[in-house]
Amino acid sequence: MLKWIDERLGAAHWARKGLKKVFPDHWSFLLGEIALFSFIILLLTGTYLTLFYRPDAAPVIYDGPYQPLHGREMSAAYESVLRLSYEVRAGLVMRQIHHWAALVFVASIVAHMVRVFFTGAFRKPREINWMVGVTLLVLAIGMGFTGYSLPDDLLSGTGLRIAYSAVISIPFVGPYLGFLVFGGEFPTEGIISRLFVLHVMLLPAIIIGLIVAHLAVLWRQKHTQFAGKGRAESNVVGKAFWPQQFFKSFGLMLLTGAALALLGGLVQINAVWSYGPFDASAVSAPSQPDWYVGWLEGAIRLFPAFEPTILGVTIPSMLIPAVVIPGIGFTVMALWPFIEQRVTKDRDAHHILDRPRDRPARSAIGMGGILYVTLLTIAGGNDVLALTFNVPIEAMVWFLRIGLFVIPVIGGFITYRLCTEMQESGAQPARRRRGVRLRRNAEGGFEEVSRD
Amino acid sequence: MTHAGRSWMFAGATALALTLQFSGGSSAQESNPLEVSKTATMTQVDAPVDGQRLFEASCSTCHGVDGQGTENGPSLEGVGEASADFQLRTGRMPLSNSTDQAVRKDPAFGDEHIQALVDYVGTFGDGPPIPEVDLESASLVSGQVLFIENCAACHGATGAGGAVGNEALAPGLSTASEVEIAEAMIVGPGQMPPFDFTEAQRNDLVNFIIYLRDEPRPGGADIGGIGPVPEGFVAWLVGLGSLIVICVFIGSHRKADDDGQDAA
Amino acid sequence: MKSVRWIFASFFVSMVGSLGLVVYYLIGESAQVEGILLGLALGGMGFGVVGWATRLMDVPTVVEEREPLESSDAAMSQMEGMVGQDAVTRRKMLLRLAGGASATLGAALAIPALSLGPRPGQSLEETKWTPGARIVDRLGNPQRPGDIPLNGIKTVFPSGFEGEADSQTVVIKIEPELLDLPEGREDWAPDGCVAFSKICTHAGCPVGLYRAEARQLLCPCHQSTFDVTTGCTPVFGPAARPLPQLPMEVDEVGFLVAMGDFPEPVGPSFWNMETE
């Protein structure tokens with residue numbers, strides 16, 4: 001078999017090289033793999049869903065088993081999602097796995113990026129892959145949002161409406177752009193099929209292309225590694241891809257699937273039947289996007305009622321939080337490797353990872369950024385939190401409006417101090433402890449032996 | 001099935017708090033004012049119960065001797081028996097602090113006393129009587145339409161309740177009785193506006209709200225039934241959390257000792 | 001061997017899960033059971049494979065040398081020579097023309113995208129409300145002031161356009177003496193009934209949440225709060241414009257009718273909207 005292939009492709013040489021590829025060992029290097037495997041599960045379950053979903057806004061009469069909607073007029077899209085959930089065997093579990101996989105997909109991308117950021121793995125020569133990664137994050141959010149909107153239920157329709165409002169808030173081109181994207185004034189019949197094309201064809205194709213590029217660049221540049229015995233900028237120390245690393249990754253893929261299958265089976269997600277079909281004049285509260293859009297929702301909620309008209313051009317209060325802030329945020333993120341190079345004047349290639357404490361300024365900025373996004377996300381769920389913890393929404397909004405400027409700075413400052421102190425004390429809080437080694441000393445007492 | 005029973009999967013403080021909130025175990029439940037329980041015991045010996053005396057003892061401080069209202073409480077003229085019945089049976093009245101939002105607690109009076117008070121308040125003016133609820137021929141479909149159009153903006157699509165600004169909360173609908181739900185629509189207690197539904201519409205709505213409580217949940221634990229916020233928590237804590245634990249497990253080697261290398 | 005018995009067991013668990021799934025598919029339809037069985041099928045195999053790799057594979061740690069990524073200077077200059085060879089760079093004019101042609105071609109290829117939607121025209125400024133339009137509920141029933149309870153709220157539409165998204169309106173009835181409407185709108189509130197666009201001026205959600213005691217409308221999406229008594233002026237949250245008020249009167253047969261369209265564009269703001 002192997003020989004048959006080799007005679008046609010001459011594969012033995014490069015395949016052997018590939019199988020011998022060295023993978024340094026650290027659990028945090030697997031976060032990106034979780035993202036990859038979640039995406040594979042999204043493709044598999046998504047393909048299944050596509051076979052049942054109808055991207056069609058045409059009205060139909062529901063005659064399925066969900067009693068409260070029996071005989072109601074609704075879009076064919078919503079009807080097909082109800083049918084998938086209630087009548088197609090294994091349809092509901094597939095849909096729920098798909099949705100959970102989407103949430104975990106974006107979460108693992110974020111966790112992976114946090115790891116890459118704090119360890120400086122984006123430095124030369126890996127700036128390209130960092131930018132590809134930021135693009136993938138944006139596309140993953142886009143994937144999630146288009147998918148959230150497809151069922152055409154009341155909640156997803158509300159999300160689309162806010163997106164439409166964000167588009168038309170752009171000065172000069174907004175209304176035209178909004179009408180182009182949505183095919184007219186919201187709500188439009190055409191939007192469902194457009195979102196469908198984006199969600200099942202364009203976006204996945206681009207994401208697959210970029211994932212291939214991401215992995216190809218990684219393969220070419222070889223892995224980074226933490227400092228340690230025998231490890232240098234000039235080498236990679238670890239285990240060969242075949243067999244151990246392959247088995248580990250394959251196992252992780254199966255376990256990712258297992259975790260998502262259990263979630264999909266046991267925990268309800270987006271019970272579209274409770275919201276009912278989309279109706280432009282109805283709304284339910286709380287109305288939230290999925291978590292990865294929560295920061296955007298939060299920014300929109302917190303932004304003050306400020307809507308100046310300058311030289312005849314009105315600046316809608318949606319524009320800054322929904323368009324300008326995300327635009328600046330993602331641009332700064334994508335360009336971060338170059339920003340850091342400019343500040344530190346460090347233009348050398350690096351393959352040994354930083355410990356976060358050794359780069360206190362970067363760690364402080366990263367922590368500030370995480371806190372900023374977290375606070376915005378909290379703001380995005382402020383009505384749920386107000387209900388849960390019995391605090392007035394207004395008080396929370398004002399706390400968050402001010403906290404947004406204060407808490408990230410304080411958090412960054414604390415991080416900076418912690419880093420510098422840990423550098424001095426040499427503490428190893430993250431290191432696995434396996435007991436201490438004791439040695440009897442000349443006086444008959446015991447002393448601890450360092451393990452290094 | 002109770003909300004607490006359905007929420008067993010949800011890890012995290014939010015879930016716990018939500019569960020407490022939804023199952024009515026909120027800390028906002030205050031003990032009844034002392035004088036009320038005293039009055040209640042005092043009048044218990046009298047039979048039949050004198051609504052007027054009870055009213056003067058328990059309600060007149062805020063609502064005035066003849067229910068004309070004071071600066072601490074609104075006039076009860078024309079509120080009707082529906083309103084008095086709703087406020088007393090859900091324990092919203094009497095209120096210990098007149099500036100608090102009235103929330104559901106155990107009723108301060110027994111059945112008989114409530115009836116007496118309701119009858120007495122009914123004499124204050126021409127208000128709505130206690131509605132009859134008949135779910136015999138009520139429609140679930142019409143109930144759903146009416147619920148989403150009129151109720152979901154505050155109480156949520158699943159009737160889980162919601163925050164409606166300032167300190168006001170629209171309560172969850174899982175504990176109210178059929179008559180109480182119908183009364184609330186007519187009366188519009190607190191921040192809730194009144195609705196002029198027909199009797200049939202009211203029955204449809206009550207029917208749907210009751211249905212929501214025991215609705216089958218084919219998807220599994222409903223983690224509060226309030227959409228993406230708890231879902232996001234579960235995705236991070238349970239989903240990614242368990243996978244990170246697995247990653248740490250995968251990264252550990254008991255057999256091949258590579259201690260020197262993972263000393264990062 | 002004892003310590004690794006679980007690795008063998010894992011594969012059995014996986015097989016049991018998979019076979020269980022096949023059987024269960026034929027007989028049952030609970031998503032919970034399906035999820036658990038699929039979880040066992042995948043998880044069992046996953047743990048087995050991972051256990052095999054981490055506990056039973058005794059493979060050496062290897063050191064791979066990292067060759068420099070950048071090519072040698074010689075290779076680089078050869079490459080540069082190749083790209084910029086005479087055949088390409090000699091005809092500067094042609095290079096420029098090719099660039100220009102690419103740009104125009106791009107524009108030509110992009111122009112069909114304009115077919116995706118109509119031009120907005122006046123559609124953002126106008127709704128279906130016209131002078132004399134009856135105010136009806138979703139089912140088309142015309143409304144009298146008496147049909148709305150005091151402190152009550154009702155979603156209404158222009159007659160003939162029930163459910164029309166841009167014309168959705170709420171009618172709220174308030175004690176007339178509490179109303180403090182802006183100048184010129186004194187006649188817009190027959191019997192204390194006031195009508196406002198239901199579309200939030202912030203992000204366009206239906207402003208469906210009415211706090212009767214506070215007489216405030218609140219948008220459940222972003223908590224913009226509007227004081228109904230003063231003409232739905234924003235008092236909290238991100239919305240900056242009041243909800244446009246519908247001029248409304250009672251016709252000769254006692255039904256509520258519109259006196260015209262909203263005086264301002266409804267819904268979220270845009271750059272060139274006409275406001276008073």
Side-chain angles (χ1 to χ4, degrees), chain A residues 25-27 30-31 34 67-72 85-86 92 96 100 103-104 107-108 111 154-155 226-229 237 248 251-252 255-256 259-260 263 265-269 271 274-276 279 282-286 288-291 294 381 383-384 386-390 392-394 431 452, chain B residues 9-10 14 17-18 21 26-28 140-141 143-145 148-149 152-154 156-158 161-167 169-170 208 211 217-223 225-232 234-236 238-240 242-244 246-248 250-251 253 258-264:
Chain A
D25 220 354
H26 192 271
W27 67 266
L30 298 173
L31 292 169
I34 296 178
Q67 292 274 312
L69 294 177
H70 202 84
R72 279 288 296 284
S85 305
Y86 273 93
L92 180 59
Q96 295 202 136
W100 283 118
L103 299 194
V104 171
S108 53
L154 186 56
L155 185 64
F226 282 107
K229 209 189 283 174
V237 180
K248 280 183 177 181
L252 180 59
L255 289 168
T256 306
L260 293 172
L263 273 175
L266 295 175
V267 189
Q268 168 186 292
I269 186 162
S274 343
Y275 299 110
D279 171 353
V283 67
S284 94
Q288 255 91 22
D290 279 339
W291 76 263
D383 48 346
V384 172
L387 175 68
T388 310
F389 299 111
N390 222 339
I393 289 182
E394 285 79 353
R431 181 160 174 183
D452 289 336
Chain B
M9 274 298 292
F10 192 27
T14 315
L18 283 173
Q21 188 76 49
S26 143
S27 60
L140 213 48
V141 180
Q144 198 271 353
V145 176
I148 293 292
E149 186 178 330
C154 301
T158 55
V164 296
N166 277 326
E167 278 162 77
L169 300 176
F208 179 70
Y211 167 85
R217 277 160 179 81
D222 76 349
I223 50 174
I226 49 168
V229 173
E231 288 165 7
V234 171
W236 271 92
V238 181
L240 192 62
S242 66
L243 288 172
I244 286 177
I246 286 169
C247 284
V248 174
I250 291 176
H253 293 252
D258 52 358
D259 200 27
Q261 284 148 25
D262 61 22

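Here is how names work: the chains are called A, B, and so on, in the same order as the sequence lines, proteins then strands, and each is numbered from 1. As the structure is a computational prediction, the values presented were derived from the model and not from experiment.
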Requested in this report: Let me know if A:L255 has heavy atoms under 4.5 Å from chain B in its side chain, its backbone, both or neither.
Outcome: both
Query raised in the report: Taking A:S284, A:P286, A:P289, A:G276 one by one, which has the highest count of heavy-atom pairs under 4.5 Å against chain B?
Result: A:S284
Report summary line: Ranking B:A170, B:G165, B:G227, B:S242 by heavy-atom pairs under 4.5 Å to chain A gives rank one to B:G165
**Report entry** Main-chain N/O of B:L140 paired with A:Q67 side-chain donor or acceptor, under 3.5 Å
**Finding:** no
Query raised in the report: Is chain B contacted by the side chain of A:L260, its backbone, both, or neither, given a heavy-atom distance below 4.5 Å?
Result: neither
Report task. Taking the side chain as every heavy atom from C-beta outward, state whether A:D279 and B:I148 have any atom pair closer than 4.5 Å. Result -> no
Query raised in the report: Can you tell me how far the CG atom of B:D222 sits from the CD1 atom of A:I269, to the nearest 0.5 Å?
Result: 13.0 Å
Requested in this report: Measure the shortest side-chain to side-chain distance between A:Q288 and B:I226 over non-hydrogen atoms and say whether it is less than 4.5 angstrom.
Outcome: no
Query raised in the report: When heavy-atom pairs shorter than 4.5 Å are enumerated against chain B, which of A:V104, A:D383, A:V283 gives the highest number?
Result: A:V283
Report task. Could you have a look at A:G294, A:S274, A:A386 and say which one has the most heavy-atom pairs with chain B under 4.5 angstrom? Result -> A:S274
**Report entry** Most contacts with chain B, counted as non-hydrogen pairs under 4.5 angstrom, among A:A282, A:G381, A:A107, A:S85
**Finding:** A:A107
Query raised in the report: Quick one: are A:I34 and B:C247 in side-chain contact, heavy atoms under 4.5 Å?
Result: yes
Query - A:I393 side, atom CD1; B:L169 side, atom CG - distance, nearest 0.5 Å - result: 8.5 Å
Query raised in the report: Rounded to the nearest 0.5 Å, how far does CG of A:L103 lie from CG of B:L240?
Result: 11.0 Å
Report summary line: Value for CD (B:Q144) from NE2 (A:H70), rounded to nearest 0.5 Å, stands at 13.5 Å
Query raised in the report: What distance separates A:L30 CG from B:I246 CD1, expressed to the nearest 0.5 Å?
Result: 11.0 Å
